[in-house]
Chemist: 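Structure provided below as structure tokens; questions to follow.
Below, each value reflects all heavy atoms present in this structure, side chains not excepted, and no hydrogens, waters or symmetry copies. What you see is a predicted model; the values in this text were computed from it and never measured. Chain naming here is simple, since letters A, B, ... match the order of the sequence lines and numbering starts at 1 in each.
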Number of protein chains: 2
Amino acid sequence: MPQTIRISKPTARRLTMYLRVLQSVVETGGMECISSHQLGAAAGVADAQVRKDLASIGGRGQSGVGYRTRELHETMRRAIGLQKSWRAVLVGAGNIGRALLAYPRFHTEGFELVAVFDHAPSVVGKRVAGLAVQPMKAIPATVRRSGAHFGIVAVPPSDAQNVAEILVASGIRGLLNFAPRALQLPAHVASVNVDFTEAFQRLAFETTNQSSRSKRTTGA
Amino acid sequence: MPQTIRISKPTARRLTMYLRVLQSVVETGGMECISSHQLGAAAGVADAQVRKDLASIGGRGQSGVGYRTRELHETMRRAIGLQKSWRAVLVGAGNIGRALLAYPRFHTEGFELVAVFDHAPSVVGKRVAGLAVQPMKAIPATVRRSGAHFGIVAVPPSDAQNVAEILVASGIRGLLNFAPRALQLPAHVASVNVDFTEAFQRLAFETTNQSSRSKRTTGA
DNA sequence: GATTGTGAAGAGCTTCACAGCT
DNA sequence: AGCTGTGAAGCTCTTCACAATC
């Protein structure tokens with residue numbers, strides 16, 4: 001088993017930003033090496049911070065040169081947990097669910113959609129992203145059979161908690177919640193909220209309070 | 001002018017969570033008063049933290065009783081910057097843009113969509129959310145005429161920086177960025193990123209590192 | 001008895017600065 | 001000269017604890 005270093009939340013968040021930068025560098029066949037200064041500039045982070053973050057996941061650089069991009073890219077994907085392929089199910093085949101599926105690179109990032117569920121009889125049976133939409137009652141059996149890791153909650157707020165509980169009871173380990181509502185979950189289930197309303201409110205706040213330091217304008 | 005207290009980023013983020021709780025309490029005609037403990041439980045925050053946050057925006061409670069819900073709701077909306085109505089323009093009428101418009105309460109939250117732009121000639125002229133889609137070249141004139149405050153960037157990553165610069169040059173004060181790419185912006189322009197890819201990566205990370213403390217699983 | 005408001009302590013994160021390596 | 005790795009300082013945020021209040 002590899003070293004079990006503690007990666008803090010702020011560090012984890014920045015790692016995803018570095019990854020995005022590295023990904024475009026690697027894809028375009030750019031630089032062999034990148035310095036903490038360069039990486040930081042692209043991600044909006046101080047260079048010393050970048051070095052601390054990279055050190056925390058075991059990334060080693062070369063004095064006077066920087067970090068080897070391909071190698072760092074791999075190390076980073078492993079640290080974030082993208083070395084394995086995650087299976088996800090989508091609950092709610094409405095606008096938000098479909099927008100998510102249309103998102104570029106959803107599949108190439110190590111995530112695989114294995115089932116779609118919806119409440120409305122008019123939608124059940126139709127195909128979304130190549131999958132036949134199943135009725136809600138099929139959730140437990142399908143989740144168990146497929147061994148899905150994540151559940152994507154893209155239903156109206158009033159149904160969100162209920163759907164979340166069904167997913168958790170079916171053995172899901174993490175939830176991506178699009179409903180503008182905080183979910184009450186057992187501690188062993190991870191969850192990340194994506195809430196457009198909240199994003200707008202943050203924008204309103206930041207615009208109102210012309211914040212002096214312009215760092216960390218980045219959200220999820 | 002009211003007191004210009006500094007509200008920290010973490011506090012601002014929690015305020016939006018409290019607001020969500022309060023909103024549902026007020027809407028359902030629930031409790032007259034709410035204690036810091038109750039509000040905290042619903043939002044996943046410690047009670048002392050809630051009191052500090054509320055104190056920072058001038059919310060005053062009553063010992064032994066709590067905070068008056070309606071009053072607190074108003075104070076909070078004002079602190080976040082929702083007392084005024086913000087005008088926004090959408091650039092990119094694809095899946096993501098449309099999903100956003102379909103989001104519940106988009107209009108009732110103090111935000112108003114005043115224009116939609118798209119690059120594709122096949123989309124220009126069509127109606128989205130009751131607005132005729134305009135070509136990209138119309139951005140500067142329309143933004144200026146409408147006095148829009150925010151720009152919603154819902155275009156492919158390769159176009160995002162370019163679109164952002166056009167919006168900024170047209171007088172936009174804040175950007176909601178859906179492209180999975182960090183935007184380079186002048187300091188006076190606020191920006192909030194909503195990145196599904198990043199959300200998934202955070203979920204992968206949290207699921208991998210079965211984090212002991214389950215707080216702050218909440219994202220944007 | 002329940003709950004607020006807050007100073008003080010504690011924990012965590014970021015920045016600084018510089019020795020050491022290439 | 002350029003860059004990394006890191007101890008130490010500085011700063012911010014959170015938790016604790018309790019007197020004051022209703």
Chemist: Under a 4.0 Å N-O cut-off, is there an ion pair linking B:Arg20 with A:Glu198?
Modeler: yes
Chemist: Which of these nucleotides, C:dA17, C:dG5, D:dC13, is closest to any side-chain atom of A:Ala48?
Modeler: C:dA17
Chemist: Rounded to the nearest Å, what distance is computed from the NE2 atom of residue A:His37 to the P atom of nucleotide D:dA1?
Modeler: 17 Å
Chemist: Do A:Phe178 and B:Phe196 have ring centroids that are under 6.0 Å from one another?
Modeler: yes
Chemist: D:dC13, OP1 or OP2 - any side-chain N/O from B:Arg14 closer than 4.0 Å?
Modeler: no
Chemist: Should the pair B:Glu71-B:Arg60 be classified as a salt bridge under the 4.0 Å nitrogen-to-oxygen rule?
Modeler: no
Chemist: Nearest whole angstrom, please: distance from the C1' of D:dA1 to the CD of A:Gln62.
Modeler: 15 Å
Chemist: Would you classify B:Ser36 as touching base, sugar-phosphate or nothing, given that sugar-phosphate means primed atoms plus P, OP1 and OP2, and contacts are heavy atoms under 4.0 Å?
Modeler: sugar-phosphate
Chemist: Please find out if less than 6.0 Å separates the ring center of A:Tyr18 from that of A:Tyr67.
Modeler: no
Chemist: Whole angstroms only, please: what is the NZ-P distance between A:Lys52 and C:dG12?
Modeler: 15 Å
Chemist: How long is the line joining CD of B:Gln49 and C1' of C:dT3, in whole Å?
Modeler: 17 Å
Chemist: Provide, to the nearest angstrom, the distance between the CZ atom belonging to B:Arg51 and the P atom belonging to D:dC18.
Modeler: 14 Å
Chemist: Let me know, please, whether A:Thr11 or A:Val65 comes out on the 5' side of the other along DNA chain C by nearest nucleotide.
Modeler: A:Thr11
Chemist: Going by an N to O cut-off under 4.0 Å, is there a salt bridge joining A:Arg78 and A:Glu74?
Modeler: yes
Chemist: Do any side-chain nitrogens or oxygens of B:Ser8 fall under 4.0 Å of OP1 or OP2 in D:dT12?
Modeler: no
Chemist: So, OP1 or OP2 of C:dA2: does either fall under 4.0 Å of a side-chain N or O from B:Tyr67?
Modeler: no
Chemist: Hey, does the side chain of B:Ser63 come within less than 4.0 Å of D:dA20's phosphate (OP1/OP2), counting only N and O?
Modeler: no
Chemist: Mind calculating the distance between CG (A:Leu54) and C1' (D:dC3) to the nearest angstrom?
Modeler: 13 Å
Chemist: Tell me the interatomic distance from B:Lys9, atom NZ, to C:dT14, atom C1', rounded to whole angstroms.
Modeler: 15 Å
Chemist: In whole angstrom, what separates A:Gln38's CD from D:dC3's P?
Modeler: 7 Å
